[in-house]
Amino acid sequence: MKVGILGGGQLGRMLLQAAANYVVETYVLENDPHCPAAHLCTHFKKGDIRDYDTVYSFGKGLDAITIEIESVNIEALEKLASEGVQVYPSPAAIRIIKNKVTQKEFYRDNEIPTSEFVITENIAALEVHTHLYPAVHKIGEGGYDGKGVQILENQTDYSKGFDALAVLERKVKIKKEISMIVAMNRSGDMVIYPPAEMVVDPVLNLLDYQLSPAILPEKITWKAEAIAMKLVKKLNSPGLFAVELFIDEKDEVLVNETAPRVHNSGHHTIEANYCSQYDMLWRIIMDYPMGNTDPILPSAIVNIVGAEGFAGKAVYAGLEEVLKIDNVFVHLYGKNETKPGRKMGHVTILHKDYQDLTHKANKIKHLLRVIS
Ligand code: ADP
């Protein structure tokens, strides 16, 4: 089978690691020939994943195509799909999700719980919908690395908003942020991974580490599962999806956003679950039986990001100390250059005891630094 991946970042890289277990010829399209996925694929093609002609000529002749990022040329995928190339997820699903405006409308139209919102066309509209404040303003398209999201606490914050098509939504009093990964095959069968929870440092307020399975009352897990599965059923597309949810102060479960692809909140499934999210997507693409999503052991993920004040050739200070710790799995993404905040890798920790996970996650956060 010949399968193409649009995008050559770390998600593509881990997808290719899983592909090595199957009989599959892989193709990657990406502008940067030194990207994390470049040397793990069978064929690398340099090009812009947002350009119609480039994506169309890349996909022509392939059996299937998938994405590792949403900012792709959907029209080219539609054309390829009409000519018989299997596209995971469907171009229609990518179209809904790619824009935060259509994504929110999809939740509303399908009665998927999400925070109350209005669509705003320009900055002047922010003064009209005062009943939603404190609110969060999210640009429809083009936001990345948190740059498309602004918290608007009150009227004095209007000017921080986006003068473009955007979503203004009520700010949720978040008790927990969780993520659920759902996979659907071509026959419409679905499987779901246990929820993962983001543990945020209350002092620094940075995304600190992730635990899975999340520590949640059973009833909330069931509610989150039902919502995530309904959402994917309504998207009506084969593929793998990560549904990010908020649990608010009243234990209401609300969808924040969905990613139509393998996701950073599922990295732990490589070691911590019987079938990883990456293996699962290959099984779906190759029309094989879906795998077992059960956890083997609870796990934590610590992201390895470029330290403040360092830019240039990456050096992983403390790596040997980290590798001495039991049941710790280091993944470096093969990016030569570091800069502050750049995602350079992650570490997965396995242990039956959550206290041990938390202890090791904190220890690793302090031991391992990406400098230059
Ligand atoms: P991005 O696409 O950049 O990841 P998100 O929509 O996930 O943007 O928002 C980033 C973060 O902002 C979320 O993880 C959450 O902590 C916070 N956030 C987003 N929407 C809301 C909301 N409605 N209420 C409260 N916090 C929110």
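Positions are given from 1, in the same order as the sequence printed here. In listed order, ligands and their atoms are each counted from 1. Quick note: numbers below take in every heavy atom, side chains included, and nothing from hydrogens, waters or symmetry partners.
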Pick from Ile151, Val149, Val172: the one approaching atom 25 (C) of ligand 1 most closely through a non-hydrogen atom: Val172
Straight-line distance of Leu126 CG to Phe162 CZ, nearest 0.5 Å: 10.0 Å
Closest to atom 19 (C) of ligand 1 among Lys138, Met198, His137 (heavy-atom distance): Lys138
Chi angles and distances behind the side-chain contact (heavy atoms from CB on, under 4.5 Å) call for Lys138, Phe117: CA-CA 11 Å; Lys138 301 181 176 180; Phe117 71 99; over 6 Å; no
Spatial distance of atom NZ (Lys45) from atom CG (Leu29) [nearest 0.5 Å]: 6.5 Å
Contacting atoms of ligand 1, where contact means under 4.0 angstrom from a heavy atom of Ile174: 25 (C), 26 (N)
Contact check, Arg170 vs ligand 1, heavy-atom distance below 4.0 Å: yes
Min heavy-atom dist Lys147 to ligand 1 below 4.0 Å: no
Tyr288 and Asn185: side chain donor to acceptor below 3.5 Å: no
Mutual orientation of the aromatic rings belonging to Tyr56 and Tyr52 [parallel < 30°, tilted 30-60°, perpendicular > 60°]: parallel
From the candidates Glu177, Lys100, Glu169, the one that places a heavy atom nearest atom 1 (P) of ligand 1: Lys100
Lys171 contact mode with ligand 1 (heavy-atom cut-off under 4.0 Å): both
His267 and His346 aromatic ring geometry - parallel, tilted or perpendicular at 30°/60° bounds: parallel
